[in-house]
Amino acid sequence: MERIREALERAREERTHTGKGFGGSNQPAASISKGNETVDLIEYTQTRTIKVSRDFLREQRIVSGFEQGIFTDAYKILRTKVLQKMRENGWNALAVTSPGEDEGKTLTAINLAVSLAMEVDQTVLLVDADLRHPSVHQHFGLRDGPGLSDYLTAGTPLEEILVHPGIGRFVILPGGKPLLNSSEMLRSPKMVELVQELKSRYPSRIVLFDLPPVLSAADALAFSPYVDAALLVVEEAKTKAEDITRAAGLLDSTHLIGTVLNKSLEPDTRSKTPTGWIKHFLKRKGS
């Protein structure tokens, strides 16, 4: 812990002298008026920016922040409830996970992160911490390249890894190459130091961590003490009640703020989107 404190102190000193930190330059580039508020526009000078077409995002089922409809409204409701819970407790680091495989945690994390980044006073960093099967970058059409695993194992600078996909105040930290010892790396001193730095660098930032499923690996269990809260994604007609109970029990080292019901089977005739795709309900722990 002493090494971590020393590293954080060095980082604070660097910020004082340079004004720069992880995530590129979060200094306002300009301001625009929106109603009675002045909104700062962010120019990312250190972080690589790419342009991802909305058609591609739509194909990847990333709709949050773009088209109006029942799905974007569902994410807005989820965003509002998450923000309320995070702000009332002074939290800014949230893990998104699921009990088992293929229950929609990564897509939920992405759409929630984009929706959060639409807030006028909010910046968002999405960290692909599923180091066994990193996939966030694929949803944005990015090629396999360096990521969090390379930062942890080879010291690749974050400035060479972070990506701004041209969406609001939203930045991605890709996972990088898969790791067999992912749980050990997620609780390593370097990762703990990074989490503390990401949490404390910018007051307006929320950091989302896409974690592996709780019941398929030790990663989420190993990493959960370092975040403020967790969100559990479950799939209707697939996730078993006993698996939800087991997963919630294993996450007792952090605050489980709710569950997200994903891939609802309820048909919807108001939308041209395939029925049964996604619907969200944020519930209180234990409900």
Side-chain angles (χ1 to χ4, degrees), residues 3-30 40-52 62 92-95 106 109-110 113-114 116-117 122-131 134-179 182 185-211 223 226-227:
R3 290 173 54 197
I4 295 174
R5 284 194 291 269
E6 292 176 356
L8 289 174
E9 185 60 34
R10 289 196 300 272
R12 293 189 187 98
E13 292 177 357
E14 178 183 353
R15 177 177 56 186
T16 302
H17 288 92
T18 67
K20 299 178 180 179
F22 297 144
S25 174
N26 269 11
Q27 304 302 316
D40 289 328
L41 299 178
I42 300 297
E43 180 181 358
Y44 290 94
T45 57
Q46 293 181 312
T47 300
R48 177 165 56 105
T49 297
I50 62 172
K51 296 296 183 182
V52 185
I62 301 174
N92 69 341
L94 177 68
T106 297
I110 292 173
V114 172
L116 286 167
Q122 200 70 66
T123 62
V124 179
L125 174 64
L126 175 60
V127 180
D128 190 345
D130 190 344
L131 299 183
S135 64
V136 169
H137 66 290
Q138 297 173 357
H139 289 276
F140 293 90
L142 297 174
R143 298 178 179 177
D144 292 345
L148 175 60
S149 61
D150 302 274
Y151 169 80
L152 295 174
T153 60
T156 303
L158 286 182
E159 290 77 10
E160 298 178 10
I161 302 172
L162 295 168
V163 179
H164 173 236
I167 302 173
R169 299 165 170 233
F170 175 50
V171 172
I172 303 166
L173 175 51
K177 62 184 179 182
L179 295 178
S182 54
M185 295 310 300
L186 285 175
R187 64 171 181 261
S188 65
K190 190 168 185 178
M191 185 64 191
V192 176
E193 176 187 334
L194 175 63
V195 172
Q196 294 301 319
E197 171 65 11
L198 294 177
K199 288 175 60 176
S200 61
R201 174 62 69 175
Y202 302 112
S204 66
R205 171 186 279 168
I206 286 184
V207 187
L208 268 65
F209 296 89
D210 177 29
L211 290 177
F223 188 70
Y226 307 121
V227 296

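Residues: numbered from 1 along the sequence shown. Owing to the predicted nature of the structure, the values given are computational and were not obtained by experimental measurement.
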- prompt: Considering only heavy atoms from C-beta outward, does the side chain of Lys177 approach that of Thr153 to under 4.5 Å?
  reply: yes

field: Side chain proximity check, Val127 to Leu194, heavy atoms < 4.5 angstrom
entry: no

query: Does Leu148 reach the side chain of Phe209, with side-chain heavy atoms less than 4.5 Å apart?
result: no

message: Using the salt bridge (charged side-chain N to carboxylate O under 4.0 Å, His left out) criterion, which residues pair with Asp210? Sequence neighbours excluded.
response: Lys105

Min side-chain heavy-atom separation Leu208-Ile206 under 4.5 Å: yes

query: Can you tell me how far the CD atom of Gln196 sits from the CZ atom of Arg201, to the nearest 0.5 Å?
result: 13.0 Å

statement: Interatomic distance, CZ@Arg187 vs CE@Met185, rounded to 0.5 Å, equals 11.0 Å

query: Is there side-chain contact between Tyr151 and Leu173, with heavy atoms separated by less than 4.5 Å?
result: no

query: What distance separates Leu211 CG from Phe223 CZ, expressed to the nearest 0.5 Å?
result: 6.0 Å

- prompt: Quick one: CG on Asn92 to OG on Ser200, what's the gap to the nearest 0.5 Å?
  reply: 8.5 Å

- prompt: Is there a side-chain contact between Val195 and Val207, using heavy atoms and a 4.5 Å cut-off?
  reply: no

message: If I take atom CD1 from residue Ile161 and atom CD1 from residue Ile172, how far apart are they, to the nearest 0.5 angstrom?
response: 13.5 Å

message: Taking the side chain as everything from C-beta on, heavy atoms only, tell me whether Tyr226 gets closer than 4.5 Å to Leu186.
response: no

